[in-house]
Structure formats: structure tokens, C-alpha cells
Amino acid sequence: MQHATIEKSIPLMAIITLVLVSIGGLVEIVPLFFIKGTIEKVEGMRPYTPLELKGRDIYIREGCYNCHSQMIRPFRDEAERYGHYSLAAESMYDHPFQWGSKRTGPDLARIGGKYSNQWHQAHMLRPQNVVPESVMPAYPWLAKNALDYADIDKRLRALSKVGVPYTEEQIGNAKQDLMAQAMTGGDPAGLTKRYGNKVPKDDFDGHPDKITELDALVAYLQMLGTLVDFSGYQAQTR
Amino acid sequence: MSDNQEVSTTGHQWDDEEGYPLQEYNNPLPKWWLYSFYATIIWAVIYWILYPAWPIGNGFTKGVLGWSMHKELREEMDEANAKKKVVNEQLASMPLQEIAKKNDLLQYAISGGKAIFGDNCAPCHGQGGIGSKAGGFPNLTDDDWLYGGNLETIEATITQGRTGQMPAHLKAAGGAFDEAQVNDLTQYVLSFSGRSQDAAASKRGDALFHGEAGCNGCHGDQGNGSLKGTMAGQALPPVGAPNLTDAIWLHGADPVSIRESIAKGRMGVMPAWGKGSKEVGRQLDPLAIKQVTLYVHSLGGGR
């Protein structure tokens with residue numbers, strides 16, 4: 001085909017450009033869906049509970065990802081500070097994932113269980129209370145704002161459309177499960193049945209009588225990186 | 001491009017009618033550029049052979065070097081561990097008391113412990129272990145201990161974790177006493193440090209402390225804490241109840257904070273760090289716990 005022919009016809013040039021760019025995309029992306037090792041098979045992964053999911057939404061709303069990554073890279077200094085490197089499977093149910101690329105603060109991929117709820121409460125209220133030299137901003141409104149979870153079942157359903165395996169039972173009981181995890185009623189036995197017995201039920205924000213945004217955020221932080229048990233994990237030959 | 005006559009054009013002309021046809025020159029690429037381009041192609045082929053590259057079916061070509069990111073990490077970790085192997089084995093096999101006597105080994109352990117402390121403990125206990133009032137995180141540099149400052153107790157505290165159980169006393173917070181009684185108790189606790197404003201209230205508080213409220217069961221008859229205190233001459237259970245008679249306060253020395261402690265209760269959580277001590281979260285291996293124990297012990301208050 002003549003150079004001039006392509007150059008003079010915008011539709012033709014657009015089509016040819018599109019074909020070329022797609023070849024690049026196809027070669028780089030499509031094989032990942034077929035290669036076995038892309039997402040490791042690991043024990044313990046489960047979708048977020050409704051309360052954790054709301055916490056994740058707040059994490060995104062407040063822009064925590066601008067300063068915190070959730071991706072431990074396979075380097076020695078990171079392994080010694082943060083623990084086992086992150087696996088793809090660990091962000092399998094994240095839409096979108098929170099790997100991040102900026103670390104003004106530490107990586108949070110395995111922050112779960114490292115500190116107590118009280119520490120998180122004091123830290124979110126004003127980080128300098130516990131870490132005097134911290135440059136992290138304060139988030140005092142989280143403990144004041146009541147959590148709005150009227151649409152939580154719809155959020156679960158939306159995620160199930162993009163492949164998160166929420167069952168009808170989980171979607172139907174989302175509000176109950178959220179309340180149960182924050183220990184303000186609901187059906188705790190049902191929560192355990194639907195999400196496993198490792199799910200902590202707690203008063204995450206230090207205000208036993210209400211469910212605040214801080215409840216959700218702390219519940220989310222306290223489960224990060226705690227699902228996969230690495231004592232039995234054998235790295236695949238990759 | 002100085003001599004335009006020698007260069008051919010792409011043959012495409014715009015605005016012919018003008019008499020000065022606008023044309024596109026077809027300049028050859030500079031040689032250095034062209035050869036660099038060929039070199040990158042050759043490098044790509046070499047790279048495909050040496051390193052993991054092409055997807056095939058449900059796998060990919062592994063490359064003749066057998067390189068992998070995770071293998072590189074393993075090798076790096078093994079190498080670092082091998083360097084420290086001799087000292088680490090010594091540390092792992094020796095009891096804490098013995099290590100404390102050997103100065104070179106002790107210094108090595110303390111410097112390792114300091115790094116571990118910075119990453120894991122300092123956010124609660126402060127840089128250098130000076131503690132923080134927000135949340136009741138104790139100062140570890142003084143000799144005022146909740147559970148004990150000898151090496152074995154510190155190691156046990158870190159391995160198993162601790163939870164301070166100070167019950168709530170105000171009715172509204174789930175306790176058994178009314179506002180007035182809580183104020184009486186506050187006045188009595190203040191009297192330990194000579195700060196009571198109201199002798200009559202303090203006297204009523206005294207009766208509650210040693211009677212109905214049973215504070216002495218944890219804080220001792222003299223209010224000097226579960227470690228040093230006694231109740232009717234008997235040692236107290238190791239519940240980590242603080243000494244209320246000294247100037248060191250976990251949650252603040254002012255009457256408001258003290259009243260808050262009594263009214264709503266306190267539950268300071270020191271996470272457990274030993275392997276298998278909890279189902280989730282960050283854990284430290286026994287060697288790391290030994291090192292951080294020796295570091296905490298060295299901060300000044302160690303017994």
C-alpha cells in the first residue's frame with residue numbers, strides 16, 4: 001500500500017493504527033490470563049466483609065494511597081521491614097488495587113494486627129500524638145461522621161459483577177454483617193458463617209454505641225495482609 | 001540538509017497550484033542512529049534467550065540463565081543470613097542472662113534490637129521508648145514497670161503480649177457506681193500524690209477503694225501497683241495495674257484523666273509478637289525477640 005494512500009485517508013490510518021496498537025496490547029496482556037503462575041493459588045483469601053469494604057472506600061476517598069503503597073516488593077530491605085513480599089493473589093478482590101507508587105509513609109500491605117485499635121484511633125485523630133515527627137495529616141472527622149452504609153448491598157453486587165465471588169446470601173445480609181462486625185447488633189454467628197472465623201468483631205473506633213467512618217477504616221487496616229498464612233506457603237518456581 | 005538538491009522527496013505534494021509546491025523530504029536516518037537501532041534489536045534477541053520472555057501456552061520461556069526475581073531475593077537473604085550465622089547461632093542458643101554478660105555479643109544484639117524496635121515498637125512506645133500519653137503506651141526507659149523489668153519478664157511480655165484490664169466503674173459505662181462515688185474515688189487516688197482537694201470525699205473514696213470497689217485487689221492496699229503492692233500481706237496477681245502513688249501516669253496525671261480511667265476503664269493492648277501467638281499480623285522470630293528484649297532492658301530501667 002502506498003504511503004500517500006494511508007496518509008490521505010484518516011479512517012484508514014485510524015484503523016491501521018488501532019490494529020498495530022492492539023497487537024502490542026494483545027501480546028503483553030492476554031498471555032497473563034493463561035499463564036498459570038500469574039495469580040498464585042493460596043489458602044485464605046476471601047472477599048472483604050461489608051465493614052472492611054466501606055473502610056476501603058474511605059481509604060480511597062481520603063486519598064491515603066497518595067502517601068502509602070500496599071505492595072511489598074521482593075527486596076531484602078522490604079522483606080526485613082514489612083514481611084513477605086506481596087502476592088498477586090492478595091489483591092485478587094481489589095477493584096481497583098491499591099498498590100500505589102508513592103511512599104511518603106510506610107507500606108501498609110501487612111499493617112493488619114501490627115498495632116492495637118487504640119493506636120489507630122489516636123493516630124488517625126492526630127498522628128503527632130503517637131509519632132511526634134510524623135508528617136501525616138490528621139483525620140479527626142472520621143471518628144465523628146456516622147458511617148453511611150445504606151447502599152452497602154449494592155456495592156457488593158457491583159463488585160460481584162466484576163468477578164468478586166460474593167454470594168446472594170452475603171449480598172442479602174450485607175447490612176446485618178456490617179453491624180455485627182462493629183458489634184452493634186446484626187447477626188454475629190451469620191457473619192462468622194459467611195466470612196470465616198478469623199474475621200474480628202470489635203469496637204474499632206472506641207465508641208461502642210455508634211458505627212463511624214473510623215470503625216470501617218480501622219477494620220480495613222486491621223485485616224490488611226492477614227488473610228494468607230505464609231508459614232505453609234512455598235514460593236512457586238517463577 | 002544544507003544541500004536540498006541531493007535529497008529525494010516522498011513524492012507527495014500539497015497546494016500544487018501556488019507554483020511553489022510544498023513537499024516532504026525523505027531524508028535518510030543518520031548512520032549512528034540507524035546502527036544503534038539495529039543494536040537494540042540484537043540486544044532484544046539476546047535478552048529473550050537469557051531471561052524469561054515469551055509466553056507460550058500456559059507458561060513462558062524461562063531463559064537460559066534461570067533468573068527469577070524471587071530466586072534473587074532468596075539468594076540475597078541466604079547470603080545475609082550466612083554472614084550473621086555464627087553470631088546468630090550463639091545468640092539463639094544462649095540464655096538472655098548469659099548474653100547480657102558478654103559485652104561484644106550484647107552490643108551486637110542491642111544494635112539489632114534497636115532497629116527492630118524502630119520498625120515495630122516505636123510508633124507506640126515512642127522513639128527510644130519514652131512512651132506516649134495518647135493511648136496509654138508506657139515509657140520503657142524508667143524503672144516503673146507494670147509487669148516487670150527483668151529480662152525474662154520483658155521477653156514474656158513481648159512474646160505473649162499483654163492486655164491491661166482496668167474495669168469501668170461508672171454506671172453509665174457499665175460499672176456499678178454513681179457519679180458521686182467515682183468523684184470520691186478520684187479524690188482518694190489524688191490523695192496518694194497529696195493532691196486531694198476534698199478530705200471528706202477522699203475518705204469515702206478510701207472506703208470504696210478497699211471495700212465495695214475492690215481496687216486494692218489489683219492496685220494493692222497502698223495503691224502502689226500489682227508489681228510492688230500487696231493485699232492483706234499477700235502478693236497480687238500480675239495484672240499490670242500501675243502504681244498510683246508515683247508521678248508516672250499511663251493516661252495522664254490530671255484529675256480529669258484519672259477520673260476518666262476510673263469511670264470508663266482502660267484496656268491497653270500490647271500486641272503479641274511471638275510466632276504462633278496470634279493468628280494474624282506481624283510476628284517476630286525468637287531471635288529478634290531476644291534482641292529487642294536486650295535493647296529494651298538496656299534503655300535504663302532494666303533490672
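Computation of the quantities below employed the complete heavy-atom set of this structure, encompassing side-chain atoms and omitting hydrogens, waters and symmetry-equivalent molecules. Residue numbers begin at 1 in each chain, while the letters A, B, ... track the order of the sequences.
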Novice: Compare every heavy atom of A:Ser116 with every heavy atom of B:Val269, then report the nearest pair and how far apart it is.
Specialist: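 Nearest heavy atoms, B:Val269 then A:Ser116: CB-CB, 3.8 Å.
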Novice: Under the ring pair (Phe, Tyr, Trp, His ring centres under 6.0 Å) rule, collect the residues that match up with A:Tyr139, sequence neighbours excluded.
Specialist: A:Trp141
Novice: Give, as side chain, backbone, both or neither, the part of B:Glu72 having an atom under 4.5 angstrom from any heavy atom of chain A.
Specialist: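 Contact with chain A: none, neither part.
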Novice: Please rank B:Ala288, B:Pro123, B:Ala115 by heavy-atom pairs under 4.5 Å with chain A and give me the top one.
Specialist: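 Among the listed options, the one with the most contacts to chain A is B:Pro123.
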Novice: Between A:Arg76 and B:Glu76, is there a salt bridge with N-O shorter than 4.0 Å?
Specialist: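 Here B:Glu76 does not pair with A:Arg76 in a salt bridge, since their nearest N and O are not under 4.0 Å apart.
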Novice: Report which part of A:Gln121 has an atom under 4.5 Å of a heavy atom belonging to chain B: side chain, backbone, both, or neither.
Specialist: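 Answer is neither: A:Gln121 stays 4.5 Å or more from chain B.
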Novice: Heavy-atom pairs under 4.5 Å with chain B are the metric here; pick the option from A:Pro132, A:Pro74, A:Pro31 that has the most.
Specialist: A:Pro74
Novice: List the residues meeting ring pair (Phe, Tyr, Trp, His ring centres under 6.0 Å) with B:Tyr47, not counting sequence neighbours, and say none if there are none.
Specialist: B:Trp43, B:Tyr51
